[in-house]
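Read through the structure below, which is laid out as structure tokens, and then see the notes.
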Amino acid sequence: LVPPLTLIEGMAAQKIVIVSDQKEVKEIVIDKKNGLLFKNNSLVSFVEVLKKLNMKEKRLGYVARETINERFNDKVNVKKLRGLYTELLK
């Protein structure tokens, strides 16, 4: 599964991301570590997360950016692509 590009862009821009707990999102966002998760299709859960949001939590944005830098940098992408081509050429 591929995470939404806007999520990756927001994290790369060091923004605090608040997203629903869908499978493709949970592969990148770790609740309260590099972003905030709420239950999918639950307005109540979303509001609860917003109430708890402390704008001083800039560390979430910092950790979010580090996550993207580690998982989606050029070296990682080239390595994945090389592995894919190697498998296809077998």
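Please read these numbers as outputs of a predicted model, since none were measured by experiment. What's counted below: heavy atoms across the whole structure, side chains too, no hydrogens, waters or symmetry copies.
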Report summary line: Between the NZ atom in Lys79 and the CG atom in Asn73, the distance rounded to the nearest 0.5 Å is 10.5 Å

Query raised in the report: Shortest non-hydrogen contact from Gly61 to Gln14?
Result: O-CG, 3.1 Å

Query raised in the report: Mind checking whether Leu50 and Phe38 have side chains closer than 4.5 Å, heavy atoms only?
Result: no

Query - Common cluster, Val78/Leu84, ILVMFWY with side-chain heavy-atom separation under 4.5 Å - result: no

**Report entry** Glu48 side, atom CD; Lys39 side, atom NZ - distance, nearest 0.5 Å
**Finding:** 10.5 Å

Query raised in the report: Rounded to the nearest 0.5 Å, what separation is found between the CD1 atom of Ile16 and the CD1 atom of Ile18?
Result: 7.0 Å

Query raised in the report: Would Val63 and Ile30 show up in the same hydrophobic cluster when neighbours are defined by side-chain heavy atoms closer than 4.5 Å?
Result: no

Report task. Check for a donor-acceptor pair, side chain of Asn40 on one end and backbone N or O of Asp21 on the other, with a separation under 3.5 Å. Result -> no

Query raised in the report: Within 45 degrees of the axis of the six-membered ring of Phe72 and under 6.0 Å from its centre: does Lys80 put its NZ or CZ there?
Result: yes

Query - Gap separating the NZ atom of Lys33 from the CG atom of Leu60, nearest 0.5 angstrom - result: 11.0 Å

Query raised in the report: What pairs with Glu70 under side-chain hydrogen bond (donor to acceptor under 3.5 Å, both in side chains), at least two apart in sequence or on another chain?
Result: none

**Report entry** Verdict with reasoning, Leu43 to Val47, per side-chain contact (heavy atoms from CB on, under 4.5 Å)
**Finding:** CA-CA 6 Å; Leu43 181 59; Val47 170; 4.2 Å; yes

Report task. Determine, stepwise, if the pair Leu36 / Val17 fulfils side-chain contact (heavy atoms from CB on, under 4.5 Å). Result -> CA-CA 6 Å; Leu36 300 170; Val17 293; over 6 Å; no

Query - Pro4 vs Val25 side-chain heavy atoms within contact, under 4.5 Å - result: yes

Query raised in the report: Out of curiosity, Lys15 NZ to Arg65 CZ, how far, rounded to the nearest 0.5 Å?
Result: 11.0 Å

Report summary line: In this structure, CD1 of Ile68 is separated from CG of Asn34 (nearest 0.5 Å) by 8.0 Å

Query raised in the report: Is it the case that one hydrophobic cluster holds both Val44 and Leu53, taking links as side-chain heavy atoms less than 4.5 Å apart, direct or via other members?
Result: no

Query - Side-chain heavy-atom pair Ile28, Met11 within 4.5 angstrom cut-off - result: yes

